[in-house]
> 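If you scroll down you'll find the structure; I have some questions about it.
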There are 2 protein chains.
Amino acid sequence: MYLYALLNYMFSQSEENYLKAIFHLQQNANGGISTSSISEKLTTKAASVTEMIKKLAEKNLVDYQKYYGVQLTETGRKHALLIIRKHRLWEFFLVKRLNFNWDEVHDVAEQLEHIKSPKLVEELDIFLGRPEYDPHGDPIPDANGNLPKAPKKRLSGLKKGDHAICKGFNDNSSSFLQFLDKQNIGLNTKIEVIGIESFDETMTILVNSNTILLSKTATDNIYVEH
Amino acid sequence: MYLYALLNYMFSQSEENYLKAIFHLQQNANGGISTSSISEKLTTKAASVTEMIKKLAEKNLVDYQKYYGVQLTETGRKHALLIIRKHRLWEFFLVKRLNFNWDEVHDVAEQLEHIKSPKLVEELDIFLGRPEYDPHGDPIPDANGNLPKAPKKRLSGLKKGDHAICKGFNDNSSSFLQFLDKQNIGLNTKIEVIGIESFDETMTILVNSNTILLSKTATDNIYVEH
DNA sequence: ATAAATTATTAGGCAAACCTAATAATTTAT
DNA sequence: ATAAATTATTAGGTTTGCCTAATAATTTAT
């Protein structure tokens, strides 16, 4: 199908990285995404972002108005979701089939997500049993870009006495994931909120009968179901 | 280990493609490899090859003297073998695990071979059961660049009356492999040589009780054991 | 309301990897 | 042995995606 071929083969790795970055920034923001936030996310300079944004706008992947920020078009969003789909399928493969630890997969998946082959994505999905969540608990978009709906709730939003199950992480950096490993916090770990400090929102939680202190930054980045 | 890291992370995709092309050309030639043969293999222009060869020589991946051709250094050869190892492991994965046909895998494997992660290569190798041959019958180098020794014999080298088993193909192009599929020739197919035309070396062979005519070009590209 | 700080854009450059056209070196053919 | 053909190199250009430095627009602070 023409659109599919177009979605799969037309864009450079750089362009794909911009689409993905904009998509992720849109998740946590409303309205247009600023040039500077993109440059921060991709560790490039703002001037480079301006340049690339112009190109993406010409290709109808983003809507863009000077000083008013960027937003993905429907085509841009579809392609961003395809890259995220590939990224998360590969992460699943690496962890579940190749014995990678969840904190080791990010860099490799960043490379693998740019491999262009519609058949590969589909067959990999089948081979893995059409998983719905990656090893970090993030939902894997299906071939049409639909995400399994699991509204995310942050650990930082819970109150004293709440019980919860850990369902994902917003910061997938190796250092954060290693920190979680050290605290024995992982996907589906059961958590009880013992208390919250009023001055900085540090949270005291119970994990496997151990008491652990987590900063607001940490609890903001942990998704739970409760 | 330092050398390993060096081998894995130092080179661009283009550089890797040149190393691989030179390695393959060296298999069928003796002495230095000409600029023009490289440009033909990679469908680039000779001027681009000259440029790249200079760069590879500076990085000690090839030995190079004006008008005397190119040869891989030991480092260059090691890295070429790593890329070939990755290419063939991925082809094995695609055919044996993801239901690709053997004539569909080349382009995807050309992309996957450039993924940089020593752990990925090792774990993939283990996951696949440390296969020795890819789906085309080509040997897969081990982690040290050693190839399982299976000296290759061409079908074109056999005489009338010889029996043989098909063990691999030199031309892995989709069109050639599809031609073979149509003739019911595949890995481990049993062949009997019925006759050879003296004027153009066209060979008449018996495959599953069917008589088939193969051009010299075809028989040159089929490896056999007999 | 104006100065200061922030954010975005433009202009001009650079490196990688390709290209064409012109030229040079070597080999082959008569 | 010289002309013709082949092969290789050089010079100069292009595109992509990045950079710095200068400038412009907008927002924030006093």
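Here is how names work: the chains are called A, B, and so on, in the same order as the sequence lines, proteins then strands, and each is numbered from 1.
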> Contact class for A:Tyr18 (heavy atom, under 4.0 Å): base, sugar-phosphate, or nothing?
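Sugar-phosphate contact only - A:Tyr18 comes under 4.0 Å of backbone atoms but never of a base.
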> Please give, in whole Å, the distance from C:dA8 P to A:Tyr68 OH?
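About 13 Å, once rounded to whole Å.
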> Is there a side-chain contact between A:Ser12 and the phosphate of D:dT16, meaning an N or O under 4.0 Å from OP1 or OP2?
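No, outside the criterion.
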> Can you measure B:Asn17 atom CG to C:dC18 atom C1' for me and round it to whole angstrom units?
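In whole Å, C:dC18 C1' lies 13 Å from B:Asn17 CG.
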> To the nearest Å, give me how far apart NZ (B:Lys45) and C1' (D:dG13) are.
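The answer, rounded to whole Å, is 16 Å.
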> Any side-chain N or O of B:Ser14 less than 4.0 Å from the OP1 or OP2 oxygen of C:dC18?
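It does, given that an N or O in the side chain of B:Ser14 lies less than 4.0 Å from OP1 or OP2 of C:dC18.
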> Restricting both atoms to N or O, compile the protein contacts to nucleotides 23-25 of chain D shorter than 3.5 Å, with distance only.
{"unit_1": "D:dA25", "atom_1": "O4'", "unit_2": "A:Tyr67", "atom_2": "OH", "d": "3.1"}

> Applying side chain to side chain donor-acceptor pair (under 3.5 Å), name anything that partners A:Arg130, two or more places apart in sequence or on another chain.
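A:Arg130 satisfies side chain to side chain donor-acceptor pair (under 3.5 Å) with A:Glu122, A:Asp125 only.
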> Taking only residues two or more places apart in sequence, or in another chain, which ones meet B:Asp220 in a salt bridge (charged side-chain N to carboxylate O under 4.0 Å, His left out)?
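B:Asp220: salt bridge (charged side-chain N to carboxylate O under 4.0 Å, His left out) contacts with B:Lys216.
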> Suppose we screen for salt bridge (charged side-chain N to carboxylate O under 4.0 Å, His left out). Which residues come up paired with B:Lys54, at least two apart in sequence or across chains?
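Counting only residues at least two positions away or on another chain, B:Lys54 forms no salt bridge (charged side-chain N to carboxylate O under 4.0 Å, His left out).
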> Could you summarise the pairing of DNA chain D as dot-bracket text, marking Watson-Crick and G-U pairs under 3.5 Å with ( ) or [ ] inside the strand and | across strands?
||||||||||||||||||||||||||||||
> In plain terms, say whether B:Glu16 and B:Lys116 are close enough for a salt bridge, that is, a side-chain N and a carboxylate O under 4.0 Å apart.
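The answer is yes: the pair qualifies as a salt bridge.
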> Minimum heavy-atom separation for B:Leu147 to B:Ile140, with atom names?
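Smallest heavy-atom distance, with atoms named: CD2-C, 4.2 Å.
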> Return the set of residues passing side chain to side chain donor-acceptor pair (under 3.5 Å) with B:Thr202 (not counting sequence neighbours), or none when no residue passes.
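Checked B:Thr202 against side chain to side chain donor-acceptor pair (under 3.5 Å); matches are B:Asp200.
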> Among residues two or more places apart or on two chains, list those pairs meeting salt bridge (Lys or Arg N to Asp or Glu O under 4.0 Å) that have a residue in residues 137-146 of chain B.
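Pairs touching residues 137-146 of chain B that pass the test: B:Asp138-B:Lys152.
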> Within this structure, what is the CD-to-P distance between B:Glu58 and C:dA15, rounded to whole angstrom?
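It works out to 13 Å between those atoms.
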> Under the ring-ring contact (aromatic ring centres under 6.0 Å, His included) test, which residues partner B:His106, sequence neighbours left out?
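Listed in chain order: B:His87.
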> For A:Lys59 and D:dT16, what is the distance between atoms NZ and P respectively, to the nearest whole Å?
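Answer to the nearest Å: 8 Å.
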> Using whole Å, what does the distance between atom C1' of nucleotide C:dT7 and atom CD of A:Gln65 come to?
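Spelled out: CD on A:Gln65 to C1' on C:dT7 is 17 Å.
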> What is the separation between atom CD on A:Gln13 and atom P on D:dT15, rounded to the nearest whole Å?
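Computing the A:Gln13:CD to D:dT15:P distance gives 21 Å.
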> ring-ring contact (aromatic ring centres under 6.0 Å, His included) with B:Phe169: which residues, sequence neighbours excluded?
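Residues passing ring-ring contact (aromatic ring centres under 6.0 Å, His included) with B:Phe169: B:Trp102.
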> Expressed in angstrom and rounded to an integer, what is the separation of B:Glu40 atom CD from D:dT6 atom C1'?
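Nearest whole value for this atom pair: 13 Å.
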> Which pair of heavy atoms, one from A:Leu120 and one from A:Ile115, lies closest together, and at what distance?
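Of all heavy-atom pairs spanning A:Leu120 and A:Ile115, the closest is CD2-CG2, 3.7 Å.
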> Any salt bridge (Lys or Arg N to Asp or Glu O under 4.0 Å) involving residues 98-108 of chain A? Give me the pairs, sequence neighbours left out, ordered by first then second residue.
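Salt bridge (Lys or Arg N to Asp or Glu O under 4.0 Å) check on residues 98-108 of chain A returns A:Glu104-B:Lys119.
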> In chain order, what residues pass the salt bridge (charged side-chain N to carboxylate O under 4.0 Å, His left out) check against B:Glu40, with sequence neighbours excluded?
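Counting only residues at least two positions away or on another chain, B:Glu40 forms no salt bridge (charged side-chain N to carboxylate O under 4.0 Å, His left out).
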> Hey, can you pull the residues of residues 46-54 of chain A with a non-hydrogen atom under 4.0 angstrom from DNA chain C?
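Heavy-atom contacts with DNA chain C come from A:Ala46, A:Ala47, A:Thr50, A:Lys54.
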> Between C:dT9 and A:Thr35, is there an OP1 or OP2 to side-chain N/O distance shorter than 4.0 Å?
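Result: yes.
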